[in-house]
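Quick notes on the structure that follows.
In this chain, numbering begins with 1 at the start of the sequence shown. Whatever order the structure lists ligands and atoms in, that order sets their numbers, starting from 1.
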Amino acid sequence: MRDQGRAPLLELKDVKTYFKVQGGLLKAVNGVSLTVHEGETIGLVGESGCGKSTLGKTVLRLLRPVGGQVLYEGKDIWAFDRKERKAYTRQVQMIFQDPYACLDPLSVIGDTVAEGMDVHRMHRDKQARGQEILRLLTDVGLNEGHAARFPHEFSGGQRQRVGIARALSLKPKLIVCDEPISALDVSIQAQVVNLLKKLQREMGMAYIFITHDLSMVRQISDRIAVMYLGNIVEIADSEDIYLSNRHPYTKALLSAIPIADPTVERTRERIVLTGDVPSPVNLPAGCAFAGRCPRACERCRQETPALREIEKGHQVACHLVE
Ligand code: SF4
């Protein structure tokens, strides 16, 4: 859980990650500031193309931002020396959306799980390596017999467990989970989320949990950041996002979640967004959401709303809530 009294594990300060494309600059991440504390889970939500995966890659040091800073334990990740860089690649891991695509089909699962440990020479000898593989497989709900099998022999949920075991093998402090459950059946999604929560309780790592699915992210997140066109438009404790959200875009996203109770489902207000998402290459003046916002006014089309704290820990970028 978040410890506000302590320095954050990770801090993003006005991070901008742009790509050169035909016709200009694609501003995938356009000035994001965010903190992640030890043992905390931040849910990063938004529609496809809002920049959340680019932000994840920027944190992982796979993309270099054109502006701003990513600080890990207080130090800029692009100012690391060789030793610090190596430690960072060990301590900050990733779990992918499609576990099958990132498992070597010709390697047995035991070797796949141990790959990072082998690179970082984290085991004394073959026996210690074997024991560690077994421990990791057991931690994620697999067993010794799975170590000698190939990826094609596993179900989607089991493959995601292998992906988690591989990330855990390096004893990370932070795991970026990029849509880790969207390729799985709903029943398996809950199992994987519960497994991630259990492992976090036992090992204390932080997660950045990237997803477009607002129903499942509530179960795992301490705080949730809602992204729209490269910016965070609302961030708050998880329950506040669901119960006292203020940004029209957050409201629209939440109104699209199906509710199990048919009476509530029939009577609740559903906000259907019209209009197109503007191109991140040609962002409009003012609020980027104005073209789709049911409450947009003239000021919204001229002035960009800043992300402001409206209550302790609850920030919103909207002129309406000032
Ligand atoms: Fe809607 Fe205006 Fe708020 Fe933007 S600033 S979200 S357009 S009301």
Using a cut-off of 2.8 Å, find all protein N, O or S atoms closer to atom 2 (Fe) of ligand 1 than that distance.
Cys300 SG
Going by atom types only, do Arg61 and Tyr72 share a side-chain donor-acceptor pair under 3.5 Å?
no
Using 4.0 Å as the upper bound for N to carboxylate O, is an ion pair formed by Arg129 and Glu132?
no
Check whether any side-chain heavy atom of Gln191 sits under 4.5 Å from a side-chain heavy atom of Leu184, and report yes or no.
no
Residues Arg246, Glu234: salt bridge by 4.0 Å N-O rule
no
Can you tell me if Thr58 and Thr17 form a side-chain donor-acceptor pair at under 3.5 Å?
yes
Under 4.0 Å from one or more heavy atoms of His247, ligand 1 contributes atoms 6 (S)
Test the Arg218-Tyr242 pair against the cation-pi criterion, namely NZ or CZ under 6.0 angstrom from the six-membered ring centroid and within 45° of the ring axis.
yes
